[in-house]
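Report on one structure; see the data block that follows.
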Amino acid sequence: MTTVSPTPPPTPVHAALPHPVTPPQPAMQLRELVFGAARAAAVRAAARLGVADALGETPATAQELAALVKAEPAPLRRLLHALSCYGIFTETPDGQFAHTEMSRLLREDDPNSLRYISLWCTEPWTWEVWPHLDDAVRTGESVFADVHGKGFFDYLHQDAHESAQIFNRAMTTSSMQSALDVAELLDLSGVTSVADIGGGQGHVLASLLEKDPALHGTLMDLPGVVARADARLRDEGALVDRTRIVAGDCREAIPVQADLYIIKNILEWDDDSTRRTLRNVVAAARPGARVVVIENLVDDTPSMRFTTAMDLLLLLNVGGAKHTRESLVTRISDAGLLIGDVVPVNAYLHAFECVVPG
Ligand SMILES: C[S@@+](CC[C@H](N)C(=O)[O-])C[C@H]1O[C@@H](n2cnc3c(N)ncnc32)[C@H](O)[C@@H]1O
């Protein structure tokens, strides 16, 4: 008769696979890279399940977290272990999970939350266009209409309402976070009026008006966007008396006079739109007016990996592009602006200080 030894308890995953301390070899790096979708999907799953919100300041087991987020404990443990390999959550020696700086950013209530950005960058339509990147590289054109039968923004607003809401929340988070950095950076001495062209809901403008109580400002964007302007800038808002809102297409005309024009994260579309917008600023502005163009750059930035990924996604969805420092300098100069300093705004944005020639 054979004796059957009792099944040993499962070895904790963290004990069996200590986190690597040395960078992996090239072959392993490539294996990891081609599984990039698994990483993005794991972050998306954690954000959708709300695991980071469920985890408090004390470590918790997968079992406890599973009960809170209504998931199965074993697969949740696998998900959390996969994420902790990349520093999103960490496993304690007794097999519990605790927050890290990165996992806290998935919380909805974190002041620097990236929850909606994480969801936006992994929305269902992104998984449908990425496999066509080779086609986009061959043709230099967006693949969105081929995949979805219509342009990106039409699809978003007509067929993907949930995605459109995520988009709005992601853009709001992103622009509120960078607006404070822009307001801190910009020297407003001698400036009495500022115009934010393609300024979205006006977070940058509101931050500047809050910084300088004597400043007046104009927000220009498309009608549907300015209709949802930041509450500080309209109705009974605290800054309404110093704000003018202009609904219009900056590729057609920019009917705004100001000492300082801001053009932030809009020159990412086709070249013709970029040229027309910059020329319209030059046509509208008085000689000596300042124009500050703010963009992510695909080179010369600590955020190169992130920006190049956005650049490829822009190619896929709207046929747009992020700039190199040189490509932006060329377009700004071609429009007739004089370029001064190029300075970092934060870890991922650069400001090009320009002047309208006399
Ligand atoms: C990526 S968002 C940037 C918003 C804002 N500048 C910021 O950095 O937070 C691009 C903005 O350009 C605006 N936009 C796009 N086409 C435009 C046009 N033809 N005229 C004016 N604004 C436009 C969009 O509505 C959107 O608010």
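Just follow the structure's listing: the first ligand is 1, and inside any ligand the first atom is 1. Only heavy atoms go into these numbers, but all of them, side chains included; no hydrogens, no water, no symmetry mates.
Remark: Arg251 qualifies as a cation-pi partner of Trp269 under the 6.0 Å distance and 45° angle criteria applied to the six-membered ring.
At a cut-off of 3.5 Å, with distance as the only test, no side-chain donor of Asp299 or Thr324 sits close to an acceptor on the other residue. Under the 3.5 Å distance criterion, with hydrogens and angles disregarded, a donor-acceptor pair is assigned to the side chains of Glu91 and His81.
Near ligand 1, heavy-atom contacts under 4.0 Å come from Ser175, Gly198, Gly199, Gly200, Asp221, Leu222, Val225, Gly248, Asp249, Cys250, Arg251, Lys264, Asn265, Ile266, Trp269.
Phe167 and Phe152 have perpendicular rings, their planes meeting at more than 60° on a 0 to 90° scale where under 30° would count as parallel. In this structure, Tyr155 and His148 have tilted ring planes: the angle between them lies in the 30° to 60° band.
Under a cut-off of 6.0 angstrom, the local environment of CD in Glu108 is crowded, with over 12 non-hydrogen atoms contributed by other residues, nucleotides or ligands.
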